[in-house]
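Below you'll find the structure, written out as structure tokens, and then a few comments.
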Amino acid sequence: MLNIIKTLDPRPWLALAIAAAALFCVVKYKDAIHQVDKLTAQIAKDKAQASEAARENERLMSRSLATIATTHQKELQDEKSKRDQFIHSLRTGTVRLSIPVQACNASAGTNTPAGPSNSPETRAQLTPEAGATLAAIAADGDDAIRQLNACIDSYHAISTIINKPQ
């Protein structure tokens, strides 16, 4: 009967249950630590990949913008050369500019203006300085348009790189 009482004593069973629960908790804790380590490693890997992708996009953008800037500068230099040559031709008289003007009618009694159908076109020649000034004004406008086009090209290049599928 004493053996039955010793067998019914809950202390060893309680100790065994506590030991099993402790072992279970230790195993679960180690598993959780392992999962955290795996997730931390995956996050670090993803972060490194995203960082490398961002650096590659930055390099692509820099090369694109440098190419656009080089092209833009070359266009500006080429056009400046052409403009300077044209203005030089105007000042030396090699090229002359004229504008259409309306001729006065010889008969004083009529109020009909001279039109393209009833008289030849009359033109007034500009002085070389006036022609050069007008050419410079037009060239300034052309330069502004080229700058805006370079800006638009830069925007499109950057948006293409940013919006490309990953």
Side-chain angles (χ1 to χ4, degrees), residues 1-92 94-100 126-166:
M1 176 105 172
L2 193 55
N3 281 339
I4 294 178
I5 294 177
K6 283 184 181 179
T7 321
L8 293 176
D9 188 14
R11 286 180 288 184
W13 295 107
L14 189 57
L16 183 64
I18 290 173
L23 181 64
F24 179 77
C25 288
V26 167
V27 168
K28 284 296 185 181
Y29 176 76
K30 284 187 176 185
D31 188 42
I33 293 294
H34 179 69
Q35 289 295 330
V36 167
D37 288 344
K38 278 177 50 176
L39 290 174
T40 303
Q42 184 63 39
I43 289 170
K45 182 181 172 187
D46 291 347
K47 185 178 177 182
Q49 287 175 344
S51 180
E52 182 56 35
R55 280 193 293 275
E56 181 60 30
N57 280 346
E58 185 178 342
R59 285 189 289 270
L60 283 171
M61 286 185 246
S62 293
R63 283 193 300 261
S64 255
L65 292 177
T67 301
I68 290 169
T70 302
T71 304
H72 174 66
Q73 286 302 318
K74 184 171 177 4
E75 282 180 7
L76 286 177
Q77 289 171 352
D78 291 347
E79 290 303 317
K80 184 178 182 330
S81 172
K82 288 178 188 176
R83 174 187 337 137
D84 291 345
Q85 183 180 2
F86 180 70
I87 290 174
H88 177 72
S89 296
L90 284 171
R91 288 190 173 134
T92 60
T94 309
V95 174
R96 294 180 292 170
L97 293 180
S98 63
I99 57 171
L126 297 175
T127 64
E129 266 318 300
T133 302
L134 286 176
I137 291 169
D140 288 345
D142 290 345
D143 286 347
I145 290 170
R146 279 187 200 84
Q147 286 177 331
L148 290 174
N149 285 337
C151 181
I152 291 168
D153 291 343
S154 297
Y155 169 79
H156 286 302
I158 297 299
S159 68
T160 300
I161 290 168
I162 289 174
N163 295 327
K164 77 176 180 181
Q166 297 297 328

Closest contact, heavy atoms only, [X] versus [Y]:
X	Y	result
Ile161	Ser64	CD1-OG, 4.0 Å
Ala150	Ile68	O-CG2, 3.9 Å
Ala135	Leu90	CB-CD1, 4.1 Å
Leu126	Ala130	CB-CB, 4.4 Å
Met61	Ile158	CG-CD1, 3.3 Å

>> Run the salt bridge (charged side-chain N to carboxylate O under 4.0 Å, His left out) test on Lys82 and Asp78 for me, step by step, so that the C-alpha distance in whole Å, both residues' side-chain angles and the decisive distance to 0.1 Å come before the verdict.
In response: CA-CA 6 Å; Lys82 288 178 188 176; Asp78 291 347; over 6 Å; no

>> Assess the residue pair Lys164 and Thr160 against the criterion (side chain to side chain contact (heavy atoms under 4.5 Å, CB included)); give the C-alpha distance rounded to whole Å, side-chain angles, the decisive distance to 0.1 Å, and a yes or no.
In response: CA-CA 6 Å; Lys164 77 176 180 181; Thr160 300; 5.8 Å; no

>> To the nearest 0.5 Å, what is the distance between CD1 on Ile18 and CG on Leu23?
In response: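 Rounded to the nearest 0.5 Å, the CD1-CG separation comes to 13.5 Å.
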
>> What's the separation between atom CZ in Arg11 and atom CG in Leu16, rounded to the nearest 0.5 Å?
In response: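 Here the rounded value is 15.0 Å.
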
>> Is it true that, when you exclude Gln49 itself, more than 12 heavy atoms of the residues, nucleotides or ligands shown sit nearer than 6.0 Å to its CD?
In response: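 More than 12 heavy atoms, drawn from other residues, nucleotides or ligands, come within 6.0 Å of this atom.
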
> Near Arg63 CZ, under 6.0 Å, is it more than 12 heavy atoms from other residues, nucleotides or ligands?
Replying inline: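 For Arg63, atom CZ is crowded (more than 12 foreign heavy atoms under 6.0 Å).
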
>> Measuring only between side-chain heavy atoms, which start at C-beta, is Leu76 closer than 4.5 Å to His72?
In response: yes

>> When you compare the side chain of Asp46 with that of Gln42, does any pair of heavy atoms fall below 4.5 Å?
In response: yes

>> Donor-acceptor check, side chain of Ser51 to backbone of Lys47, threshold 3.5 angstrom: yes or no?
In response: no

> Does Ser81 use its side chain to pair, donor to acceptor, with the backbone of Gln77 at less than 3.5 Å?
Replying inline: no

>> Please list all pairs meeting side-chain hydrogen bond (donor to acceptor under 3.5 Å, both in side chains) that have one or both residues in residues 127-139, counting only residues at least two apart or in different chains.
In response: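 Sorted result for residues 127-139: Arg91-Glu129.
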
> Any salt bridge (Lys or Arg N to Asp or Glu O under 4.0 Å) pairs touching residues 18-41, not counting sequence neighbours?
Replying inline: none

> Hey, are Glu58 and Arg55 close enough for a salt bridge, meaning a charged N less than 4.0 Å from a carboxylate O?
Replying inline: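 A salt bridge is absent here (no side-chain N lies under 4.0 Å from a carboxylate O).
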
Kindly list each side-chain donor-acceptor pair under 3.5 angstrom involving residues 141-149, sequence neighbours excluded, with atom names and distances?
{"residue": "Asp143", "atom": "OD1", "partner": "Arg83", "partner atom": "NH2", "Å": "3.1"}
{"residue": "Asp143", "atom": "OD1", "partner": "Arg146", "partner atom": "NH1", "Å": "3.4"}
{"residue": "Asp143", "atom": "OD2", "partner": "Arg83", "partner atom": "NH2", "Å": "2.8"}
{"residue": "Arg146", "atom": "NH1", "partner": "Asp142", "partner atom": "O", "Å": "3.2"}
{"residue": "Arg146", "atom": "NH2", "partner": "Glu79", "partner atom": "OE1", "Å": "3.2"}
{"residue": "Asn149", "atom": "ND2", "partner": "Ile145", "partner atom": "O", "Å": "3.4"}

